[in-house]
Amino acid sequence: MYNLTVEDLLSKVSAALAEYTDKKLAFGVSGGRDSMCLLHAAVNGGVVNKDNIIVVHVNHGLRDEADSDETLVREYCAAIGVRFRAYRVDVMREAAEKSLTIEQAARDLRYGIFYGLIKSRVADAVLTAHHALDNAESVLMHLFRGAGLDGVCGMKTHGGKVVRPMLGVYPSELEEYSKANNIEYAVDKTNFEDDADRNFIRLNVIPMIERRYRGAVRAVNEFSRECREARDMLENALDMRNIRYSDGAAIVNDSALRSDLAARYVRRALGYFSLTDVTRDMIARVVALADKRTGAVVELCNGAVAAREYGEVAVYVPRLPCSTEIPFGMGSNFLDGIAVDFRLDDTPPLKAPKGGAADADKLGGATLRFARDGDTFMPFGASARKGLNRYFIDEKVPARLRGRIPLVCRGNDVLVVVGMQISESVKQTAATVRKAVIARRGYDR
């Protein structure tokens with residue numbers, strides 16, 4: 001159908017791998033036709049050095065033939081003289097524990113192994129055998145799910161640590177190449193079952209479209225390429241002063257969310273968290289927060305939320321509350337990864353870090369913890385006590401941060417809001433004997 005030749009595949013793979021000549025490469029090889037062809041073409045294309053190759057096979061244990069697939073890849077690697085590693089994973093348990101589909105759990109475990117090889121420096125990059133039909137399937141699947149521009153850009157050949165050198169190769173070429181080179185490969189029978197979304201599109205949707213529109217798969221791939229170009233142009237138009245990452249959140253200014261590039265800014269914010277299944281509707285709800293009241297929240301995916309704050313919108317993954325309470329004493333005090341220093345110092349109160357100068361003897365018996373219901377606070381210079389949450393609101397502290405600000409307390413009486421203010425009750429006076437500074441050290445991420 002696509003008038004492709006064996007030489008086309010070899011040249012395409014060689015061209016895609018040209019920049020990886022001296023790199024350590026891990027090939028993800030399942031034993032199926034596509035990955036076996038990729039390995040054969042890479043080794044025989046004369047571009048990569050066999051000494052720099054390691055073949056990685058992940059045995060998902062989902063089929064009766066799983067062990068024979070592993071043996072096939074192992075024996076082939078021994079025959080061509082490349083290193084081989086096999087990993088066994090428990091996909092069913094992963095899916096059950098994390099409420100994932102079997103396909104998603106298998107993918108997560110597989111890529112966890114791939115990135116582990118990169119992290120341990122066994123490999124500089126991982127190669128997968130995704131091809132042009134895989135890309136078209138992904139584009140259509142994302143389009144039907146309601147994805148925006150990013151979702152229909154398709155897979156990347158390069159970029160990051162995953163390389164897909166066969167995205168310009170079609171199945172007919174792979175079939176021709178495997179026959180011409182007598183490549184033995186395993187056939188996964190589950191590829192012919194349409195229960196999974198990708199299989200449904202491959203087995204039902206694409207054949208139906210191709211019968212009506214000859215060359216539709218190629219057209220989808222060209223469309224995704226043009227979408228990538230449009231996306232890149234929009235990304236270059238962003239003013240990155242409108243978005244920042246702080247205290248575990250990606251924060252976007254209201255002005256950016258009211259601009260023509262609002263969706264792009266939200267996409268960039270979501271990118272900090274590598275979220276999956278982001279839809280156009282989800283992005284629209286985040287953009288709409290710019291006109292909501294402070295404190296409005298929308299749920300996203302993978303546990304992330306977006307919240308309207310003071311003149312901006314923050315995207316973050318909420319942390320579990322910490323109920324730990326420890327005695328507060330001289331030196332360094334550590335609370336759930338946050339360091340709070342309590343030291344004697346003659347620093348004048350007005351020059352102390354954010355009002356952290358106090359009378360050390362007024363802090364005896366105090367504890368260090370985070371906010372609780374019923375906490376009250378009398379800020380330095382105030383004549384009346386107020387609820388701690390009221391104080392946070394008056395100081396425009398976002399709700400997501402209020403539970404992560406260390407407090408020096410005695411019961412429900414807050415003596416120091418660390419890094420912000422001391423209580424009137426612990427201020428230094430003419431009668432103060434031991435002057436102290438309380439400061440938060442380092443960052444909470």
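Every value quoted in this text rests on a predicted model; they were computed, and no experiment measured them.
- Side-chain atoms of Arg228 come within 3.5 Å of backbone atoms of Cys153 as a donor-acceptor pair (strictly under, hydrogens ignored).
- Dense packing is recorded around CZ of Phe144, with more than 12 heavy atoms of other residues, nucleotides or ligands lying under 6.0 Å away.
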**Message:** With salt bridge (Lys or Arg N to Asp or Glu O under 4.0 Å) as the criterion, how do Arg267 and Glu235 come out once you've worked through the C-alpha distance, each side chain's angles and the decisive distance to 0.1 Å?
**Reply:** CA-CA 10 Å; Arg267 281 279 183 185; Glu235 284 290 308; over 6 Å; no

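- A donor-acceptor pair under 3.5 Å is formed between the side chain of Ser423 and the backbone N or O of Ser425.
- Of the charged side-chain nitrogens involved, none lies within less than 4.0 Å of a carboxylate oxygen, so that Arg385 and Glu424 do not count as a salt-bridged pair.
- A donor-acceptor contact shorter than 3.5 Å is absent between the side chain of Arg319 and the backbone of Gly403.
- Note: Tyr111 and Tyr115 have tilted aromatic rings, judged against thresholds of 30 and 60 degrees for the angle between ring planes.
- In terms of modelled atom types and a separation under 3.5 Å, the side chain of Arg164 and the main chain of Ala129 share no donor-acceptor contact.
- Closest approach of Phe392 to Arg402, counting heavy atoms only: CD1-CG, 3.6 Å.
- Between the side chains of Asn59 and Asp67, at least one donor-acceptor pair of N or O atoms lies under 3.5 Å.
- For Asn242 (side chain) and Ala256 (main-chain N/O), no donor-acceptor pair under 3.5 Å exists by modelled atom type.
- Under the side-chain contact (heavy atoms from CB on, under 4.5 Å) criterion, Glu312 pairs with Arg244, Ile251, Asn253, Glu309, sequence neighbours left out.
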What donor-acceptor contacts under 3.5 angstrom involve side-chain atoms of residues 25-39, with partners at least two apart or in another chain?
| unit_1 | atom_1 | unit_2 | atom_2 | d |
| --- | --- | --- | --- | --- |
| Ser30 | OG | Gly32 | N | 3.1 |
| Ser30 | OG | Ser35 | OG | 3.4 |
| Arg33 | NH1 | Glu175 | OE1 | 3.0 |
| Asp34 | OD2 | His131 | NE2 | 3.1 |
| Ser35 | OG | Ser30 | N | 3.1 |
| Ser35 | OG | Gly31 | N | 3.4 |
| Ser35 | OG | Gly32 | O | 3.4 |

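- Heavy atoms of other residues, nucleotides or ligands lying less than 6.0 angstrom from CG of Asp394 number more than 12.
- Taking all atoms of both residues into account, the shortest heavy-atom contact from Ala95 to Thr101 is CB-O, 4.1 Å.
- Note on Arg231 versus Glu226: no salt bridge recorded, every NZ/NE/NH1/NH2 to OD/OE distance being 4.0 Å or above.
- Surrounding CZ of Arg93 are at most 12 heavy atoms belonging to other residues, nucleotides or ligands under 6.0 Å away.
- No donor-acceptor pair closer than 3.5 Å links the side chain of Asp375 to the backbone N or O of Ala371.
- Surrounding NZ of Lys292 are at most 12 heavy atoms belonging to other residues, nucleotides or ligands under 6.0 Å away.
- Between the Arg198 side chain and the Asp134 main chain, a donor and an acceptor come within less than 3.5 Å of each other.
- Considering only residues two or more places apart in sequence or on other chains, Tyr87 meets the ring pair (Phe, Tyr, Trp, His ring centres under 6.0 Å) condition with none of them.
- Taking a 6.0 Å sphere around CG of Asn236, one finds it holds more than 12 heavy atoms contributed by other residues, nucleotides or ligands.
- Between Asp291 and Arg258 there is a salt bridge, since a side-chain N of the basic residue sits under 4.0 Å from a carboxylate O of the acidic one.
- Ring orientation note: the planes of Phe342 and Phe328 are close to parallel, at an angle under 30° on the 30°/60° scale.
- Sparse packing is recorded around NZ of Lys23, with 12 or fewer heavy atoms of other residues, nucleotides or ligands lying under 6.0 Å away.
- Taking all atoms of both residues into account, the shortest heavy-atom contact from Ala307 to Leu289 is N-CD1, 4.0 Å.
- Exactly one of Asp345, Asp359, Asp361 qualifies for a side-chain contact (heavy atoms from CB on, under 4.5 Å) with Arg434. That residue is Asp361.
- Atom CE of Met330 has more than 12 heavy atoms from other residues, nucleotides or ligands within 6.0 Å.
- Taken to the nearest 0.5 Å, the NZ atom of Lys362 stands 5.0 Å off from the OG1 atom of Thr432.
- Annotation: side chain of Asp336 is not in contact with side chain of Thr324 (no heavy-atom distance under 4.5 Å).
- Around atom CD of Glu229, more than 12 heavy atoms belonging to other residues, nucleotides or ligands sit under 6.0 Å away.
- Looking at Arg410, its side chain does come within 3.5 Å of a backbone N or O of Gly364 through a donor-acceptor pair.
- Side chain to side chain, Arg218 and Asn221 fail the donor-acceptor criterion of an N or O pair below 3.5 Å.
- Here the closest heavy-atom approach between residue Asn412 and residue Asp373 is recorded as ND2-O, 3.7 Å.
- Under a 4.0 Å N-O distance rule, the pair Lys98/Asp108 does not qualify as a salt bridge.
- A donor-acceptor contact shorter than 3.5 Å links the side chain of Glu210 to the backbone of Gly215.
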**Prompt:** Is there a side-chain contact (heavy atoms from CB on, under 4.5 Å) between Tyr310 and Thr294 once you walk through the steps?
**Reply:** CA-CA 6 Å; Tyr310 300 94; Thr294 297; 3.8 Å; yes

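- Under a 3.5 Å cut-off, the side chain of Lys24 and the backbone N or O of Asp124 do not form any donor-acceptor pair.
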